[in-house]
There are 2 protein chains.
Amino acid sequence: MKSDAVFKRAFNDALDLIGNLPVEAPFPSENQLSVQLMVSRTTVRKILSAIRAQSLPAAGDSRPLIGAIPRFAEAETIPISEQVEKHFMEWMLRDNTRPGTSINELQLARRFGLATTGIREFLNRFQRFGLIERRPNAGWVFKGFTASFALELFEIREIFELRSALAFAMLPATSALWQKLEALRDQHTQLLEEIDTRYHDFSDLDSRFHRLINSAAPNRFIEDFFDIITLIFHYHYQWNKRDERQRNEVAIKEHLTYIEALLSRNPSIVELACRAHLASAKETLMRSSSRKTSEFARADDAKDPVTPSAAMPSASS
Amino acid sequence: MKSDAVFKRAFNDALDLIGNLPVEAPFPSENQLSVQLMVSRTTVRKILSAIRAQSLPAAGDSRPLIGAIPRFAEAETIPISEQVEKHFMEWMLRDNTRPGTSINELQLARRFGLATTGIREFLNRFQRFGLIERRPNAGWVFKGFTASFALELFEIREIFELRSALAFAMLPATSALWQKLEALRDQHTQLLEEIDTRYHDFSDLDSRFHRLINSAAPNRFIEDFFDIITLIFHYHYQWNKRDERQRNEVAIKEHLTYIEALLSRNPSIVELACRAHLASAKETLMRSSSRKTSEFARADDAKDPVTPSAAMPSASS
DNA sequence: GGATTGTTTTTTATTGATAAAAACTTTGTT
DNA sequence: AACAAAGTTTTTATCAATAAAAAACAATCC
């Protein structure tokens with residue numbers, strides 16, 4: 001049976017939406033709601049009737065009184081397939097899963113409280129991140145977030161980013177991307193000013209920035225690769241909060257230099273700034289994860305656990 | 001219920017194995033068979049008892065008479081999950097599926113004669129090849145093997161191959177890879193001599209060659225990317241047999257030049273040979289597929305179907 | 001006549017059940 | 001003891017069933 005997370009999420013959103021409606025605005029039509037809530041009209045109707053059932057009855061069939069209708073808990077609004085990701089990560093983090101550990105579908109299913117099919121689906125999608133490997137008829141093996149994983153990741157990242165940055169610098173002055181770049185620069189300076197309170201917002205800005213650069217010469221394989229980076233960083237830093245503010249502040253400044261370099265359109269300057277930023281990002285990742293290294297044992301083929309238990313999943317995108 | 005393709009494949013293999021046993025050799029133990037047939041001992045026992053049941057009864061409990069025990073049909077020995085790949089490809093080829101077509105799990109399941117779960121699993125794995133896209137709660141879309149797909153693919157391929165070829169050229173003279181390279185060169189010359197009869201053998205040689213080069217500086221992301229190339233070429237050329245012999249002959253000669261360049265260890269010569277080979281491979285692919293282009297309509301975002309119906313799946317590795 | 005609401009059909013997400021295959025444990029044999 | 005065979009338990013692959021969500025169709029309404 002399908003979970004009704006879609007309904008619950010949209011229900012909560014609908015309450016917000018209706019609550020914030022200007023007093024004079026007409027009540028939105030089902031179609032409009034369907035667009036705004038990003039669900040089918042079928043679901044909109046379900047929401048509407050749920051709302052009507054809970055608001056004061058027979059209030060003249062006009063706009064229902066939303067008042068104090070309770071929302072669904074956050075957790076209930078996340079579809080199972082996405083929860084698996086989180087669970088899986090926790091399994092690795094908390095249980096300190098080591099490279100070489102074999103993954104048991106049934107066990108995970110029981111632990112996560114869902115059917116094996118869900119696990120299977122997740123693992124199949126997650127496979128592409130290069131952290132697990134399939135053994136037909138014999139489950140999966142966790143390969144681990146080892147130092148070599150990180151090194152290999154960064155090697156490719158550097159190749160791709162350099163290629164895209166240079167392509168960006170060559171963009172004609174008329175390209176719309178220049179404006180977007182300037183907008184992003186402004187967001188960076190702004191974030192820098194409020195860094196003390198908003199430093200968490202960096203990770204989103206970071207991935208938007210790198211995606212913008214990639215869009216100068218779009219290539220689906222590069223974009224796919226960036227999903228891996230995004231995932232790794234997301235979970236890695238979620239696990240390791242040390243020096244977050246400081247770390248992000250440095251990165252923002254590097255981005256600003258990098259952006260200026262792009263705006264200068266001078267290839268060698270761009271290359272310099274880009275290389276500098278990536279080197280620093282790599283250093284940060286390797287350093288922050290290797291501190292814990294000594295605690296962990298090593299698996300056969302993994303001679304270099306870096307963030308042994310660390311980092312992981314997400315195959316949702 | 002699991003299919004028993006593993007058993008059937010191993011059963012057939014076992015008959016061959018036992019049939020070819022030297023007369024004096026002792027009958028292999030269950031454990032030995034398990035290793036040789038690459039299945040668990042559980043399956044070996046099942047095979048053994050199946051064989052005993054069919055061979056002349058009570059022949060003194062020693063070596064059973066294999067004689068004329070019938071084998072299982074080839075088709076039965078392929079696990080369902082692998083069949084899906086083939087089916088899916090045929091669906092695209094035969095039905096001339098166009099970019100933008102939406103993929104319906106239920107429909108495919110019915111057509112392929114299996115449960116939707118199998119389709120789902122396949123699609124999830126196949127996703128990474130960049131030819132389909134998921135729409136949560138609303139199925140999948142076939143993005144098509146368009147010209148831009150091919151161009152993007154080759155852009156990355158060139159970047160990766162160049163990087164690996166240069167790394168290879170820098171390998172110390174003591175590296176074992178030089179010998180392997182020489183061995184591969186010999187296989188190339190040999191194949192060239194027998195090209196008229198053995199030209200199909202090229203595709204295997206090709207992928208072994210490129211994998212060898214990559215192994216100079218191993219990187220899992222590059223290896224993963226090569227799976228995509230292998231897949232595309234496999235199916236693309238399986239579908240398009242035009243000029244196969246001629247095409248392969250040219251490629252072999254290019255490989256030989258490329259190999260000599262590597263052996264020379266001169267980076268600029270390597271780069272030249274590598275670029276030349278890739279350019280020619282790209283040209284071949286684009287040319288052979290674009291011939292049919294005119295037949296096909298174009299989908300929204302795909303302004304350039306190349307081998308519209310062509311090319312595809314395989315998420316088995 | 002184009003948007004709105006009401007109704008029916010199709011498709012996706014998720015579960016639980018089960019045979020095949022693998023992994024583990026015990027027993028037997030030299 | 002050391003390996004082979006027999007027996008048991010666990011795990012994977014696969015199916016069929018079903019509620020939720022989407023899509024398609026039909027009836028209304030300014």
Side-chain angles (χ1 to χ4, degrees), chain A residues 1-11 26-35 37-49 61 79-84 102-110 112-124 134-140, chain B residues 1-11 26-34 37-50 61 79-84 102-110 112-124 134-140:
Chain A
M1 198 228 293
K2 216 171 179 173
S3 93
D4 58 355
V6 170
F7 161 72
K8 287 175 174 165
R9 196 225 78 216
F11 181 89
F27 197 78
S29 77
E30 292 178 356
N31 284 318
Q32 290 170 317
L33 284 173
S34 148
V35 171
L37 298 171
M38 299 197 294
V39 293
S40 73
R41 204 163 62 81
T42 308
T43 305
V44 169
R45 306 193 94 230
K46 196 174 163 189
I47 291 170
L48 252 27
S49 69
D61 102 357
I80 292 197
S81 49
E82 273 180 44
Q83 286 180 244
V84 184
S102 70
I103 296 168
N104 182 317
E105 293 176 6
L106 205 58
Q107 234 169 263
L108 288 186
R110 279 199 279 256
F112 299 174
L114 40 76
T116 54
T117 326
I119 303 290
R120 238 151 185 276
E121 180 159 340
F122 168 75
L123 293 173
N124 276 132
R134 183 203 183 94
R135 301 273 171 82
N137 284 316
W140 303 75
Chain B
M1 197 227 294
K2 215 171 180 175
S3 92
D4 58 355
V6 170
F7 161 72
K8 287 175 175 166
R9 195 226 78 217
F11 181 88
F27 197 76
S29 79
E30 292 178 356
N31 284 316
Q32 290 171 319
L33 284 173
S34 146
L37 298 171
M38 299 197 295
V39 293
S40 71
R41 208 165 62 78
T42 308
T43 305
V44 169
R45 307 192 92 232
K46 196 173 163 189
I47 292 169
L48 253 27
S49 69
D61 102 356
I80 291 195
S81 49
E82 273 178 46
Q83 287 179 244
V84 184
S102 69
I103 295 168
N104 184 316
E105 294 175 4
L106 206 56
Q107 232 168 266
L108 287 186
R110 280 199 278 257
F112 299 173
L114 42 77
T116 53
T117 326
I119 303 289
R120 237 149 186 277
E121 180 159 341
F122 168 75
L123 293 173
N124 276 316
R134 183 205 183 95
R135 300 273 170 83
N137 286 315
W140 303 76

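Residue Leu114(A) places its side chain closer to dT15(C) than to any other of dA21(C), dT15(C), dA21(D).
Rounded to whole Å, atom P of dA20(C) lies 12 Å from atom CD1 of Ile80(B). Phe7(B) has its CZ atom 12 Å from the P atom of dA22(C), to the nearest Å. Atom pair Arg9(A):CZ and dA20(D):P shows a separation of 17 Å (rounding to whole Å applied). Following rounding to the nearest Å, Ile119(B) (CD1) and dA16(D) (C1') show an atom-to-atom distance of 15 Å.
Using a 4.0 Å heavy-atom distance criterion, Ala5(B) is classed as a sugar-phosphate-only contact.
Not one side-chain nitrogen or oxygen of Ser40(A) sits closer than 4.0 Å to the OP1 or OP2 atom of dA21(D). Taking 4.0 angstrom as the limit, Thr117(B) places none of its side-chain polar atoms (N or O) nearer than this to OP1 or OP2 of dT14(D).
Remark: Glu82(A) does not engage Arg9(A) in a salt bridge, criterion side-chain N to carboxylate O under 4.0 Å.
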Please list, for nucleotides 5-12 of chain D, all pairs of protein and nucleotide N/O atoms separated by less than 3.5 Å.
from	atom 1	to	atom 2	distance (Å)
dA5(D)	OP2	Glu30(B)	N	3.0
dA6(D)	OP2	Arg45(B)	NH2	2.4
dA6(D)	O5'	Arg45(B)	NH2	3.2
dA6(D)	N7	Arg41(B)	NH2	3.1
dA6(D)	N6	Arg41(B)	NH2	2.4
dT11(D)	OP1	Asn104(A)	ND2	2.7
dT11(D)	O5'	Asn104(A)	ND2	3.2
dT12(D)	OP2	Asn104(A)	OD1	3.4
dT12(D)	OP2	Glu105(A)	N	3.2
dT12(D)	O2	Lys2(B)	NZ	3.2

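Under the rule for a side-chain hydrogen bond (donor to acceptor under 3.5 Å, both in side chains), Gln83(A) has no partner lying at least two apart in sequence or in another chain.
At a threshold of 4.5 Å between non-hydrogen side-chain atoms, the residues Leu33(A) and Leu48(A) count as touching.
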